[in-house]
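Reviewing the structure listed below.
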Amino acid sequence: MDAETLPYALDLVASSGVCLSPERRAALRTSLLLVRRDYRFEQVRLWGRIQGIRGVYYIAEGVGPDRAGSRSRLYSLNCVDWSLLPPPSEEIITMTSVLKGRFQGDPSYEYEHFEKKDEGERPYEEEGGVLIKEELRLVATIDQIDKAVGIVPRGAYVKSPLGPVHENRNFEGSWSIQVERGGRVIVLRSLLWPGLTFYHVPNTKQHGYIYFGHGEKNKDLPFML
């Protein structure tokens with residue numbers, strides 16, 4: 001969700017449980033515009049919120065002229081102060097893939113992971129577990145959600161002859177999947193990552209997605225279909 005149109009976009013997905021108080025909305029919009037200025041991003045979006053047991057992560061991402069290029073992601077615990085997250089890497093994704101359960105909401109919290117080894121027929125846990133910070137788990141989870149269920153309408157972006165991908169100025173929309181508000185809004189909700197909602201206002205350039213959830217994958221999905 002673009003910071004410029006944040007209040008309007010949040011209203012479009014309110015039926016999916018994406019709710020923020022007026023104070024939070026105002027703080028987010030103001031702080032995200034400052035992030036865009038300070039980091040010299042061309043655009044800043046609210047990616048979503050991951051609810052932890054003891055705290056909440058608000059996630060934002062900044063992009064440059066190339067919309068398909070690398071993105072810088074940041075998190076905030078109070079909607080005002082933002083910290084830059086390291087880029088996702090194979091090492092981070094592999095390291096955090098063993099972590100399960102709810103987020104704590106504390107970026108400095110450390111998970112202790114013990115690898116199980118087999119000795120004959122009796123498995124045992126290796127002494128001296130590995131400590132993994134929750135901040136790294138946050139990086140991997142955001143990346144996984146984006147790659148698995150992050151979508152945009154076909155035709156919304158166009159690749160220039162020089163390589164970079166830009167917003168298509170001629171895009172006007174043509175979705176007809178699930179409608180709300182009397183057909184004025186198209187909404188898609190992910191079953192694999194509950195909490196992700198995509199929205200599009202037909203015949204306009206207004207589209208995007210946002211994640212409001214616990215950061216946990218729905219592993220029971222094969223039994224639900």
Side-chain angles (χ1 to χ4, degrees), residues 1-36 43-63 71 73-83 85 101-107 134-135 137-139 141-146 148-153 173 175 177-202 204-218 220-221 224:
M1 287 186 171
D2 188 3
E4 291 280 0
T5 58
L6 186 60
Y8 170 70
L10 286 172
D11 286 339
L12 296 178
V13 294
S15 62
S16 297
V18 181
C19 300
L20 289 173
S21 67
E23 293 78 14
R24 290 285 187 190
R25 292 187 181 203
L28 278 171
R29 186 177 185 277
T30 301
S31 64
L32 288 177
L33 292 177
L34 291 175
V35 165
R36 185 181 68 181
Q43 186 183 49
V44 171
R45 306 165 182 159
L46 176 65
W47 183 89
R49 183 181 75 181
I50 293 181
Q51 179 72 51
I53 296 174
R54 295 182 291 174
V56 178
Y57 294 108
Y58 293 90
I59 315 297
E61 63 179 17
V63 295
R71 306 173 187 178
R73 295 192 173 99
L74 308 94
Y75 72 90
S76 174
L77 303 176
N78 57 10
C79 298
V80 177
D81 303 306
W82 295 87
S83 299
L85 287 168
R102 292 280 303 276
F103 276 80
Q104 295 297 313
D106 177 4
E134 184 161 273
E135 184 181 72
R137 185 187 179 191
L138 188 64
V139 170
T141 300
I142 296 169
D143 184 66
Q144 289 173 8
I145 293 174
D146 256 355
V149 292
I151 58 175
V152 295
W175 281 75
I177 299 177
Q178 178 182 345
V179 297
E180 293 189 3
R181 297 191 179 186
R184 290 181 295 168
V185 183
I186 308 289
V187 174
L188 297 175
R189 300 184 182 94
S190 174
L191 297 177
L192 181 62
W193 288 94
L196 186 131
T197 302
F198 168 83
Y199 68 94
H200 176 58
V201 180
T204 75
K205 300 179 186 294
Q206 292 291 334
H207 67 85
Y209 64 86
I210 191 167
Y211 178 83
F212 265 51
H214 296 121
E216 293 184 276
K217 194 181 205 178
N218 180 15
D220 294 328
L221 180 59
M224 297 168 58

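The minimum heavy-atom distance between Glu134 and Gln104, with the atom names listed, is OE1-N, 2.8 Å. The shortest non-hydrogen separation linking Pro107 to Tyr57 is N-OH, 3.0 Å. When all heavy atoms are compared, the tightest approach of Arg29 to Ala3 is CG-O, 3.4 Å. Among all heavy-atom pairs drawn from Arg102 and Gln51, the shortest one is NH2-O, 3.8 Å. Heavy atoms only, all atoms of each residue included: Cys19 and Ala14 are closest at SG-O, 4.2 Å. When all heavy atoms are compared, the tightest approach of Gly215 to Thr141 is O-CG2, 3.7 Å.
With hydrogens and angles left out, the side-chain atoms of Asp146 and Tyr209 include a donor and acceptor closer than 3.5 Å. Side-chain contact annotation: Ser76 with Asn78, donor-acceptor N/O pair under 3.5 Å present.
Atom-to-atom distance recorded for Ile59:CD1 and Ile145:CD1 is 9.0 Å, nearest 0.5 angstrom. For the atom pair Leu12 CG and His207 NE2, the distance stands at 12.5 Å (nearest 0.5 Å). Atom CG in Asp143 sits 11.5 Å away from atom CG in Leu85 (nearest 0.5 Å). The distance from the CZ atom of Arg45 to the CD atom of Glu4 is 13.0 Å, given to the nearest 0.5 Å. With values rounded to the nearest 0.5 angstrom, Leu34 atom CG is found 7.0 Å from Thr30 atom OG1.
Residue Phe103 forms a side-chain contact (heavy atoms from CB on, under 4.5 Å) with just one option from Ile50, Val56, Ile53, and that option is Ile50.
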request  = Go through the steps for Arg73 and Val139 under the test side-chain contact (heavy atoms from CB on, under 4.5 Å), then give the verdict.
outcome  = CA-CA 8 Å; Arg73 295 192 173 99; Val139 170; over 6 Å; no
inquiry  = Using the rule given for side-chain contact (heavy atoms from CB on, under 4.5 Å), can you reason through Val149 versus Leu188, listing the C-alpha separation, both sets of side-chain angles and the distance that settles it, and then say yes or no?
reply    = CA-CA 10 Å; Val149 292; Leu188 297 175; over 6 Å; no
request  = Walk me through it: do Asp11 and Arg25 pass the test salt bridge (Lys or Arg N to Asp or Glu O under 4.0 Å)?
outcome  = CA-CA 11 Å; Asp11 286 339; Arg25 292 187 181 203; 2.9 Å; yes
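Relative ring orientation between Trp193 and Tyr211 is described as perpendicular, the plane-to-plane angle rising above 60° on a 0-90° scale split at 30° and 60°.
Contact check for Val13 versus Val187: no side-chain heavy atoms found under the 4.5 Å cut-off. Counting heavy atoms from C-beta on, the side chains of Arg49 and Leu20 come closer than 4.5 Å. Within the 4.5 Å cutoff, no side-chain heavy atoms of Leu74 are placed close to those of Val44. Residues Leu77 and Tyr58 have side chains not in contact (no heavy-atom distance under 4.5 Å, counting atoms from C-beta outward).
Panel note: side chain Ser16, backbone Val18; no donor-acceptor pair is recorded below 3.5 Å. No side-chain donor-acceptor contact under 3.5 Å links Thr5 to the backbone of Tyr8.
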